[in-house]
Amino acid sequence: DQGARIVLNGDPGSGSSDDPYRQFDTSVFSAPNYGSNGLESPRVYMNLPAMNNFDLSVAKQLPLGGSRRFEIRLDAFNVFNTVQFSGINTTANFASAGSTVITNLPYDSAGNLVRTNGFGSVSGVRAPRQIQLMMRFSF
């Protein structure tokens, strides 16, 4: 038995933007009606933000005679320090059953930011640039 599922009335991807508080079009959602069987909308209709990651490694080996050598290596993860969102708040609170009024939007009707964790806003960010240095002596 399925529970009620949020009703999709359009394309949520049509309203996406670079604004971390407006990651998809929140106006295309409405609450399910009483007696809903949860089949008004598809089960999967959105994906998480794309991941754009570029890693780089640079290594140098220095021979020290015989079988001995010294290696130095620098690894950089997310070398261009690209901001990558890892999660979006997909929990909508509605005024009532069947309503299109979402009560937990990030912006109020005047356009003021009132909830930094509202419906459609970024809820997680992947790690920034990380650099590690490794040195190894082999004999």
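Just so you know, these numbers use all the heavy atoms, side chains as well, and skip hydrogens, waters and symmetry mates.
Applying the salt bridge (Lys or Arg N to Asp or Glu O under 4.0 Å) definition to pairs two or more places apart or across chains, those involving residues 75-99 are R73-D75. Identified under the side-chain hydrogen bond (donor to acceptor under 3.5 Å, both in side chains) test for residues 88-97, with sequence neighbours left out: none. Residue pairs meeting the salt bridge (Lys or Arg N to Asp or Glu O under 4.0 Å) criterion with at least one partner in residues 105-130, sequence neighbours excluded, do not occur; the list is empty.
Considering every non-hydrogen atom in both Q23 and V122, the closest pair reads CG-CG2, 3.9 Å. What you find for Q61 and P63 is that their closest heavy atoms are O-CD, 3.8 Å.
Side-chain heavy-atom separations under 4.5 angstrom define the hydrophobic clusters, and the remaining members of the one that includes I131 are L62, L64, F70, I72, L74, L133, M135, F137, F139. Clustering of Ile, Leu, Val, Met, Phe, Trp and Tyr side chains at separations under 4.5 Å places Y107 together with Y21, L113. Applying the 4.5 Å side-chain rule to ILVMFWY residues, one finds that V114 remains a lone member of its cluster.
Both V125 and F24 belong to a single network of hydrophobic side chains, linked directly or stepwise wherever heavy atoms of I, L, V, M, F, W or Y lie under 4.5 Å apart. F77 and V79 fall into different hydrophobic clusters, where Ile, Leu, Val, Met, Phe, Trp and Tyr residues are linked whenever their side-chain heavy atoms come under 4.5 Å apart, directly or through other members.
Residues passing the side chain to side chain donor-acceptor pair (under 3.5 Å) test with S27 are D25, sequence neighbours excluded. Applying the side chain to side chain contact (heavy atoms under 4.5 Å, CB included) rule to S30 yields the partners V7, N9, T100; only residues at least two apart in sequence or on another chain are considered. With sequence neighbours left out, F85 forms a ring pair (Phe, Tyr, Trp, His ring centres under 6.0 Å) with no residue at all. In this structure E71 satisfies the side chain to side chain donor-acceptor pair (under 3.5 Å) test together with R136, sequence neighbours excluded. In this view, A97 and Y34 satisfy the side chain to side chain contact (heavy atoms under 4.5 Å, CB included) rule, not counting sequence neighbours. Residues passing the side chain to side chain contact (heavy atoms under 4.5 Å, CB included) test with L105 are T26, I102, F119, sequence neighbours excluded.
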Practice item. Begin with the C-alpha distance, continue with both residues' side-chain angles, and end with the deciding distance and a verdict on side-chain contact (heavy atoms from CB on, under 4.5 Å) for F94 and I6. Key: CA-CA 10 Å; F94 290 94; I6 194 168; 3.7 Å; yes
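The distance from atom OG of S121 to atom CD1 of I88, rounded to the nearest 0.5 Å, is 7.5 Å. With rounding to the nearest 0.5 angstrom, the OG atom of S57 is 8.0 Å from the CD atom of Q132.
A 4.5 Å side-chain heavy-atom check between L8 and F29 finds at least one atom pair inside the cut-off.
Between the side chain of Q130 and the backbone N or O of N78, no donor-acceptor pair lies under 3.5 Å.
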